[in-house]
Peer 1: 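To start, I am sharing the structure in question, which I have written as structure tokens.
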Amino acid sequence: MRLLFLGPPGAGKGTQAKRVAADLEIPHIATGDMLRQAVTDGTELGLQARSIMERGDLVPDDLVIAMLLERVNREDAAGGFILDGFPRTTAQAEALEERFGGAGLDAAVVIDVDSEEVVRRISGRRVCNNGHVFHVDDAPSCDGELCDQCGEPIYQREDDQAETVRNRLNVYRELTEPLISFYREREMTMHVIEGVGDLDDITGLIMDAIRS
Ligand code: AMP
């Protein structure tokens, strides 16, 4: 199954996509995570992407498409995958159509959260370098400085500062949200899920929707 998780930054896509991927035993492919890794590793791609990501803008389509296609062509993705953060533009969606035929995907889970809640969630988000995620109010780490799971320092992502979050939200509304109509026109299965409430309940709703 080739699934897409779509929604504004801070909707909880990453958290939910990871859970569902583990449950379905397929890889969770998150282009934001891949790009952050490239920045950390100081690769050519990372050098090109770094300042764009810090501003909350989109990395150029050709770079992201090449990175994504390389990833989905690996053996572990042959039986399906969950995409988180890709496609973000029509050109990226068209690249999937070209690669896989049809709409490129089997179904999308759209996680809906309003803008005010998104800003509150993201500006309070803290992470460690191993990808563990906390929130200053909703899910604080024990001492506020070190990750409870791996002991690494936790910090605020450069692009999680309030001003950048507003830009990311505008980019989402302008370039990524239109993909909902793009996929509706192709009559792809779409499950719209309210992304507010208990995490386990939301995972349950998503799993029920996917299985139905
Ligand atoms: P995310 O972790 O999904 O919020 O992504 C963090 C940042 O990585 C985004 O704000 C973009 O700058 C960049 N990025 C991630 N995925 C894509 C994509 N599919 N196309 C362009 N830029 C992306």
Side-chain angles (χ1 to χ4, degrees), residues 2-18 20-21 27-41 43-72 77 81-99 104-105 108-111 113 115 117-135 155-180 182-183 195:
R2 293 189 302 271
L3 274 177
L4 161 65
F5 275 50
L6 195 63
K13 288 191 303 293
T15 307
Q16 294 297 340
K18 266 183 221 159
V20 173
H28 164 233
I29 300 180
T31 44
D33 290 347
M34 294 167 76
L35 289 167
R36 276 185 290 280
Q37 190 63 50
V39 171
T40 305
D41 294 346
T43 65
E44 181 68 27
L45 171 65
L47 293 175
Q48 287 172 289
R50 183 179 186 148
S51 59
I52 300 172
M53 292 171 72
E54 282 175 1
R55 289 197 302 274
D57 289 330
L58 292 189
V59 175
D61 284 331
D62 54 343
L63 298 180
V64 187
I65 289 170
M67 176 184 82
L68 189 278
L69 290 180
E70 189 275 323
R71 178 65 189 89
V72 296
F81 46 79
I82 293 187
L83 294 185
D84 162 12
F86 185 102
R88 263 175 153 97
T89 63
T90 305
Q92 295 178 15
E94 286 168 353
L96 284 176
E97 289 188 320
E98 204 171 300
R99 168 65 182 80
L105 298 165
V109 172
V110 181
I111 306 189
V113 174
S115 299
E117 171 66 5
V118 159
V119 174
R120 188 193 74 79
R121 283 190 192 179
I122 305 195
S123 47
R125 178 157 68 183
R126 300 292 180 271
V127 297
C128 78
N129 270 339
N130 289 321
H132 301 127
V133 184
F134 300 86
H135 188 280
Y155 59 93
Q156 184 174 40
R157 264 167 54 178
E158 189 71 37
D159 62 344
D160 279 354
Q161 325 256 349
E163 245 170 69
T164 316
V165 172
R166 293 197 188 279
N167 186 38
R168 289 166 66 199
L169 255 177
N170 289 339
V171 168
Y172 174 77
R173 302 276 179 227
E174 238 173 77
L175 297 173
T176 307
E177 207 168 42
L179 291 177
I180 296 176
F182 176 97
Y183 285 121

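Counting convention: from 1, in listed order, for ligands and their atoms alike.
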Peer 1: Between Thr89 and ligand 1, which part of the residue brings a heavy atom under 4.0 Å of the ligand: side chain, backbone, both or neither?
Peer 2: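 No part of Thr89 comes within reach of ligand 1.
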Peer 1: Would a 4.5 Å heavy-atom cut-off, applied to side chains only, mark Val113 and Arg121 as touching?
Peer 2: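 Yes, close enough: below the 4.5 Å cut-off.
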Peer 1: May I ask you to list the atoms of ligand 1 that are less than 4.0 angstrom from any heavy atom of Thr31?
Peer 2: 15 (C), 16 (N), 17 (C), 19 (N)
Peer 1: Yes or no: does Lys13 have any heavy atom under 4.0 Å from an atom of ligand 1?
Peer 2: no
Peer 1: Quick one: are Asp160 and Arg168 in side-chain contact, heavy atoms under 4.5 Å?
Peer 2: yes
Peer 1: Judging by distance only, is a nitrogen or oxygen of Asp159 under 3.5 angstrom from one on ligand 1?
Peer 2: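 Between Asp159 and ligand 1, no N or O pair is found under 3.5 Å apart.
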Peer 1: Identify the closest protein heavy atom to atom 15 (C) of ligand 1: which residue and atom is it, and at what distance?
Peer 2: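 Its nearest protein heavy-atom neighbour is Arg88 NH1, 3.3 Å.
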Peer 1: In terms of side-chain geometry, is the basic nitrogen of Lys18 or Asp84 positioned less than 4.0 Å from the acidic oxygen of its partner?
Peer 2: no
Peer 1: Test of understanding: given a 4.0 Å heavy-atom threshold, classify the contact between Val64 and ligand 1 as side chain, backbone, both, or neither.
Peer 2: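 Near ligand 1, Val64 shows its side chain, while the N, CA, C and O stay back.
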Peer 1: Going by the closest heavy atom to atom 7 (C) of ligand 1, which one wins out of Gln92, Glu54, Arg168, Met53?
Peer 2: Met53
Peer 1: I would like to know whether Asp41 and Gln37 meet side chain to side chain donor-acceptor pair (under 3.5 Å); could you show each step before the answer?
Peer 2: CA-CA 6 Å; Asp41 294 346; Gln37 190 63 50; 3.1 Å; yes
Peer 1: More than 12 heavy atoms of other residues, nucleotides or ligands under 6.0 Å from CZ of Arg166: yes or no?
Peer 2: no
Peer 1: Measuring only between side-chain heavy atoms, which start at C-beta, is Ile52 closer than 4.5 Å to Pro60?
Peer 2: yes
Peer 1: Name the closest protein heavy atom to atom 6 (C) of ligand 1, giving the residue it belongs to and the distance to 0.1 Å.
Peer 2: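 I find the closest protein heavy atom is Arg36 NH1, 3.5 Å.
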Peer 1: Taking atom 14 (N) of ligand 1 as the point of reference, which of Leu35, Val59, Asp33 owns the nearest heavy atom?
Peer 2: Leu35
Peer 1: Give me the residue, atom name and distance of the protein heavy atom closest to atom 11 (C) of ligand 1.
Peer 2: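 Result for atom 11 (C) of ligand 1: Asp57 O, 3.4 Å.
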Peer 1: Could you tell me if the side chain of Met67 sits less than 4.5 Å from the side chain of Leu45, heavy atoms only?
Peer 2: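 Leu45 vs Met67: side chains touch.
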Peer 1: Looking at every non-hydrogen atom in both residues, tell me the closest pair between Phe86 and Leu96 and how far apart they are.
Peer 2: CE2-CG, 3.8 Å
Peer 1: Heavy atom of Arg157 under 4.0 Å from ligand 1?
Peer 2: yes
